[in-house]
**Student:** 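I have a structure I would like to understand better, so I am pasting it below and will then ask my questions one at a time.
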Amino acid sequence: MAVSTVSYVINGNRPISKETRARVLDTAKKLGYVPKNRIIAQQLGLLDSSSSKPTKVIALSSPVHRYTDYTNYAVFFFALAQHARRYGYDILLLMHESGDAEMYRVVENNMVDGILLLDVLLSDSRVEIAKNLPVPVVAVGYPNNTENIWAVDLDFEQLGRDSVIKVHELGHTHALILGGVDSAFEDGSNYLVRYRDAVEKCGADLGVHVSFESLSGYSKTEIEHSLDLGLARDPQISAIFWQGSAAGAGMLMDILHQRSIGVPADMSVISACTNGASRLPQPIDEFPMDPAAACKRAVDVLMEVLQHQRDDVGLVELIHGEYMPMGTLGPVPLEKRKV
């Protein structure tokens, strides 16, 4: 058999008859030949992932974007690393914005046993890559397409509904979603979009008029500008759903204080999808992210897959969020009540 024919079978450069392909692969198995490219090896049936030696390393694909909140980034990274160590695993951090190529590289070179995804987008190209990888992929986040991965996330849609229900029960009929930078929404950042859309839908169902203003940046000036836009478009707003960073939530409270807008007497404020707003010097009612719970469960799921305890790829696990009341949510002011 010609060397070129073997090459065509292994590399897939040209179509080869089923009979010839079967003969080449049968000979390769008898000789114990395995291509260096682990992905190709598994696709050809020349590598049994269950019997290959584990690396005891997990890749963490977490691209750094221009809107990345480094405070949250660090919290999630250390939560994942700490729990992985309990299983005897180390974390290999992949931070390049083109995470697809890095995922291929570490798998092809047999560097990792599995991959975790952070900073997940609704339409995330890394999810499509997963179907071509011989290692399991678990997302800390909830993309639209989960066919080829496992996903663990806080239930941000439920947080959105719960936020609206709370203000509605106190008589608020006009609310503003504020926070999250423009580019994050444009990219389809999973948690920001899911929360916003749920607030808007539940608001429509309950008769709460919901406005939305994202931010052009993280500064106090940019937060104040977006707040002014929202209040100018709807002067009846009496509740704000803050959706940015905890630091930004603190700036928002400073702005309201400087304008002599009492919280919650004149304006109610809820911080959601944040980490630490309830622990600020001026604490805010918060539906927080729960990095510890989400990251712990994601690592557990990956270990269960690696230990062949489950094969339910495509499953999404949503974690219930806890409300942290801090006194910034109150009844609608008299002057803004519906007559």
Side-chain angles (χ1 to χ4, degrees), residues 38-39 42 48-63 72-94 99-100 102-104 106-107 110-159 189-191 194 273 275 288-322:
R38 192 180 182 194
I39 297 173
Q42 181 130 4
D48 181 0
S49 60
S50 64
S51 61
S52 58
K53 186 178 180 180
T55 65
K56 303 302 287 184
V57 176
I58 299 169
L60 173 58
S61 174
S62 186
N72 285 341
Y73 189 99
V75 172
F76 276 87
F77 170 76
F78 285 112
L80 289 167
Q82 182 181 42
H83 200 58
R85 285 303 302 154
R86 294 178 182 174
Y87 286 99
Y89 270 81
D90 290 315
I91 294 285
L92 174 63
L93 183 57
L94 311 178
D100 304 11
E102 286 193 307
M103 288 169 63
Y104 274 125
V106 297
V107 173
N110 197 24
M111 297 168 65
V112 300
D113 296 333
I115 298 175
L116 293 165
L117 306 181
L118 269 184
D119 202 5
V120 173
L121 305 178
L122 288 174
S123 298
D124 201 307
S125 60
R126 295 172 297 170
V127 175
E128 296 305 313
I129 297 299
K131 66 183 176 184
N132 297 319
L133 300 180
V135 301
V137 177
V138 179
V140 185
Y142 181 14
N144 286 333
N145 178 15
T146 61
E147 182 181 356
N148 305 302
I149 64 168
W150 289 261
V152 177
D153 204 1
L154 204 64
D155 192 344
F156 291 105
E157 292 177 349
Q158 185 60 55
L159 294 191
S189 183
N190 153 59
Y191 71 98
R194 287 191 185 281
C273 315
N275 181 36
M289 289 184 174
D290 193 342
C295 293
K296 178 181 183 299
R297 186 59 194 142
V299 172
D300 287 343
V301 168
L302 182 57
M303 292 300 116
E304 289 166 8
V305 176
L306 290 173
Q307 294 165 9
H308 309 290
Q309 297 174 6
R310 59 192 298 166
D311 59 359
D312 51 353
V313 65
L315 189 71
V316 177
E317 294 188 21
L318 296 178
I319 299 171
H320 178 70
E322 297 295 331

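Remember, it's a predicted structure, so these values are computed and weren't measured experimentally.
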**Student:** When rounded to the nearest 0.5 angstrom, what distance separates CG in L116 from SG in C295?
**Tutor:**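 It is 8.5 Å, given to the nearest 0.5 Å.
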**Student:** Where do V120 and Y142 come nearest, in terms of heavy atoms and distance?
**Tutor:**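 In this case the closest contact between V120 and Y142 is CG1-N, 4.2 Å.
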**Student:** For the atom pair CE (M303) and OH (Y89), what is the distance rounded to the nearest 0.5 Å?
**Tutor:**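 Answer for the CE-OH pair, M303 versus Y89, is 5.0 Å.
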**Student:** One pair to check against side-chain contact (heavy atoms from CB on, under 4.5 Å): R310 and V301. What are the steps and the verdict?
**Tutor:** CA-CA 9 Å; R310 59 192 298 166; V301 168; 3.7 Å; yes
**Student:** Rounded to the nearest 0.5 Å, how far does CD of E317 lie from CG of D153?
**Tutor:**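 Between D153 CG and E317 CD, I get 11.5 Å after rounding to 0.5 Å.
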**Student:** Compare all side-chain heavy atoms of L118 with those of L80 and state whether any distance is below 4.5 angstrom.
**Tutor:**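 The answer is yes; the side chains approach within 4.5 Å.
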**Student:** Output yes when R297 and E304 qualify as a salt bridge under the 4.0 Å nitrogen-oxygen rule, no when they do not.
**Tutor:**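 Answer for the salt bridge query: yes.
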**Student:** Near D311 CG, under 6.0 Å, is it more than 12 heavy atoms from other residues, nucleotides or ligands?
**Tutor:**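 Open: at most 12 neighbouring heavy atoms sit under 6.0 Å from CG of D311.
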**Student:** Between S189 (side chain) and L121 (backbone), is there a donor-acceptor pair under 3.5 Å?
**Tutor:**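 No; judged by distance alone, with no hydrogens or angles, the pair does not exist.
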**Student:** Could you tell me the separation between the CD atom of E128 and the CD atom of E147, rounded to the nearest 0.5 Å?
**Tutor:**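 Atom-to-atom, E128:CD and E147:CD are 8.0 Å apart.
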**Student:** Give me the atom names and distance for the closest heavy-atom approach of S62 to R126.
**Tutor:**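 Looking at all heavy atoms of both residues, the closest pair is N-NH1, 4.2 Å.
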**Student:** Which pair of heavy atoms, one from L159 and one from G321, lies closest together, and at what distance?
**Tutor:**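 Taking every non-hydrogen atom into account, CD2-CA, 3.8 Å.
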**Student:** Under the rule for side-chain hydrogen bond (donor to acceptor under 3.5 Å, both in side chains), what residues qualify as partners of Y191, not counting sequence neighbours?
**Tutor:**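 Counting only residues at least two positions away or on another chain, Y191 forms no side-chain hydrogen bond (donor to acceptor under 3.5 Å, both in side chains).
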**Student:** If I compare all heavy atoms of V107 with all of P134, which pair ends up nearest, and what's the gap?
**Tutor:**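 In terms of heavy atoms, the two residues are closest at CG1-CD, 3.5 Å.
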**Student:** With heavy-atom distances below 4.5 Å as the criterion, would you say the side chains of R85 and D90 are in contact?
**Tutor:**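 Yes. Closest side-chain heavy atoms under 4.5 Å.
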**Student:** Looking only at heavy atoms, which two atoms of A294 and V152 are closest? And how far apart?
**Tutor:**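 That closest heavy-atom pairing would be O-CG1, 3.7 Å.
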**Student:** Given the rule in the side-chain hydrogen bond (donor to acceptor under 3.5 Å, both in side chains) test, do D113 and T55 qualify, once you have shown the distances and angles that lead to the verdict?
**Tutor:** CA-CA 6 Å; D113 296 333; T55 65; 3.1 Å; yes
**Student:** Measure the spacing between CG of L60 and CG of L93 and express it to the nearest 0.5 Å.
**Tutor:**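 Rounded to the nearest 0.5 Å, the CG-CG separation comes to 5.5 Å.
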**Student:** Do the non-hydrogen side-chain atoms of P143 and I149 ever get within less than 4.5 Å of each other?
**Tutor:**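 The answer is yes; the side chains approach within 4.5 Å.
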**Student:** Apply side-chain contact (heavy atoms from CB on, under 4.5 Å) to the pair V135 and I115, showing each step before the final yes or no.
**Tutor:** CA-CA 7 Å; V135 301; I115 298 175; 4.2 Å; yes
**Student:** For a side-chain contact (heavy atoms from CB on, under 4.5 Å) check, start with the C-alpha distance between W150 and V137, then their side-chain angles and the critical distance, and finish with the verdict.
**Tutor:** CA-CA 7 Å; W150 289 261; V137 177; over 6 Å; no
**Student:** Could you walk me through whether L122 and R194 pass the side-chain contact (heavy atoms from CB on, under 4.5 Å) test, one step at a time?
**Tutor:** CA-CA 9 Å; L122 288 174; R194 287 191 185 281; 3.6 Å; yes
**Student:** Do side-chain atoms of D155 reach the backbone of Q158 as a donor and acceptor pair under 3.5 angstrom?
**Tutor:**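 Yes; judged by distance alone, with no hydrogens or angles, the pair exists.
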**Student:** Rounded to the nearest 0.5 Å, what separates atom CD1 in I58 from atom CE in M111?
**Tutor:**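 The CE atom of M111 is 14.0 Å from CD1 of I58, to the nearest 0.5 Å.
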**Student:** Do N275 and P288 have side-chain heavy atoms sitting under 4.5 Å apart?
**Tutor:**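 Side-chain contact under 4.5 Å: no.
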**Student:** Residues two or more places apart in sequence or in another chain: which of them pass ring pair (Phe, Tyr, Trp, His ring centres under 6.0 Å) with Y87?
**Tutor:**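 Y87: ring pair (Phe, Tyr, Trp, His ring centres under 6.0 Å) contacts with H83.
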**Student:** Between D119 and P63, what is the shortest heavy-atom contact and its length?
**Tutor:**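 That would be OD2-O, 3.4 Å.
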